Amino acid sequence: MGFEYMDAMVLATQQWVNQTYGSHPGYEPVEETGKTGWSTMYALTRGLQIELGITTPVDSFGPTTLSLLDNLGPISTTSNTYPNIVKIIQGGLYCKGYGPGGITGTFGPGTSTAISSMQVDLGLLNPDGVVTPKLFKALLTMDAYVLLAGASNVIRSIQQWLNRKYIHRANFFYMPCDGFYSRNTQKALVYAIQYEEGLSDSVANGNFGPTTQNLYLASKKCIKRQLKMYHL
């Protein structure tokens, strides 16, 4: 019989989040196993929501959490270095396999470097080590940003390109960069089509519905006419 891997820093994260928020209404303690999983990410998400003033924390990292983080502003070595929020970032980094240099509550060079490494894995070309709301959301998921066994480097490069190209759009969030063609990848590609067809952020929704289909067909006809015009 084999053994299951236990990570000391993941265990420290689980212990810290339980000790810090265990008595808060709405917080659900995570089992202290030293193993990364959704339950740990949910615990960190609820802890973040408590720090942001949400009275009824939930597992979902939704619009309210994003809006409050947006109001807070980017988190870095020089801004918004609230100790508990920084510890949540550091715990999330350990759970995703990045080493920030301890769960210290200080956003120092080690934490900044770990965030930069994650940004590179996400596909960003100019990593700055700054935690934005969308990056925070990506941090507190079980999505992988490194190539997984049996996956495709080509698909991973497409995933990274999509992140890099469209992360500034309102409803586009960082997607996994694991090299597997998943539902998330397919939805991101639909978003890309919608953006390139000129749909606004308020209209683009990642669904290949009638509006997207009509725009796509119109584009194909236009391309065919151009090819015919130039005898191609």
Side-chain angles (χ1 to χ4, degrees), residues 6-108 110-119 122 128-145 167 170-176:
M6 189 278 288
D7 186 285
M9 294 312 297
V10 172
L11 176 60
T13 297
Q14 294 166 334
Q15 292 171 334
W16 174 80
V17 73
N18 281 341
Q19 291 167 5
T20 305
Y21 304 108
S23 62
H24 194 284
Y27 176 78
E28 295 184 2
V30 59
E31 187 177 359
E32 297 174 7
T33 62
K35 300 165 193 170
T36 302
W38 274 111
S39 59
T40 304
M41 294 307 192
Y42 290 152
L44 290 170
T45 298
R46 288 180 184 243
L48 172 63
Q49 291 169 347
I50 291 168
E51 293 295 332
L52 293 173
I54 296 175
T55 55
T56 307
V58 295
D59 292 340
S60 174
F61 197 119
T64 300
T65 307
L66 282 165
S67 177
L68 289 171
L69 280 173
D70 193 51
N71 292 338
L72 183 67
I75 303 167
S76 68
T77 54
T78 58
S79 62
N80 298 314
T81 54
Y82 302 102
N84 280 355
I85 292 181
V86 173
K87 286 182 179 181
I88 291 168
I89 292 169
Q90 292 168 331
L93 285 166
Y94 277 120
C95 288
K96 295 195 85 68
Y98 302 97
I103 305 173
T104 63
T106 299
F107 201 117
T111 303
S112 180
T113 297
I115 291 296
S116 292
S117 295
M118 179 177 162
Q119 289 173 322
L122 285 166
D128 57 10
V130 174
V131 179
T132 61
K134 287 185 177 182
L135 191 136
F136 214 142
K137 181 180 174 72
L139 180 63
L140 299 186
T141 70
M142 285 300 294
D143 291 342
Y145 304 125
I167 193 57
N171 297 316
F172 190 96
F173 296 95
Y174 287 114
M175 61 182 301

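Below, each value reflects all heavy atoms present in this structure, side chains not excepted, and no hydrogens, waters or symmetry copies. All of these numbers come straight from a predicted model, not from anything done at the bench.
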Hey, does [Y] have a side-chain heavy atom less than 4.5 Å from the side chain of [X]?
| X | Y | value |
| --- | --- | --- |
| Y82 | L52 | no |
| I115 | L93 | yes |
| F136 | L66 | no |
| Y21 | N84 | yes |

Mind listing the closest non-hydrogen atom pair of [X] and [Y] along with its distance?
| X | Y | value |
| --- | --- | --- |
| K134 | F172 | NZ-O, 2.8 Å |
| S112 | T77 | CB-CG2, 4.0 Å |
| G99 | A114 | O-CB, 3.8 Å |
| N80 | I75 | O-CG2, 3.5 Å |
| L48 | I88 | N-CD1, 3.4 Å |
| S116 | G129 | OG-N, 3.1 Å |

Trace of the salt bridge (charged side-chain N to carboxylate O under 4.0 Å, His left out) decision for R46 with D59:
CA-CA 6 Å; R46 288 180 184 243; D59 292 340; 2.7 Å; yes
How far does [atom1] of [X] sit from [atom2] of [Y], to the nearest 0.5 angstrom?
| X | Y | atom1 | atom2 | answer |
| --- | --- | --- | --- | --- |
| C95 | D7 | SG | CG | 8.0 Å |
| T141 | M175 | OG1 | CE | 12.0 Å |
| Q49 | T65 | CD | OG1 | 4.0 Å |
| Y98 | I89 | OH | CD1 | 14.5 Å |
| T111 | Q90 | OG1 | CD | 4.0 Å |
| Q15 | E32 | CD | CD | 5.0 Å |

I'd like to know if the side chain of [X] and the backbone of [Y] have a donor-acceptor N/O pair within less than 3.5 Å.
| X | Y | result |
| --- | --- | --- |
| Q14 | T40 | no |
| T45 | M41 | yes |
| E28 | Y42 | no |

Consider only side-chain N and O atoms of [X] and [Y], and report whether a donor and an acceptor are under 3.5 Å apart.
| X | Y | result |
| --- | --- | --- |
| S79 | S76 | yes |
| E31 | S39 | no |
| Y174 | D143 | no |

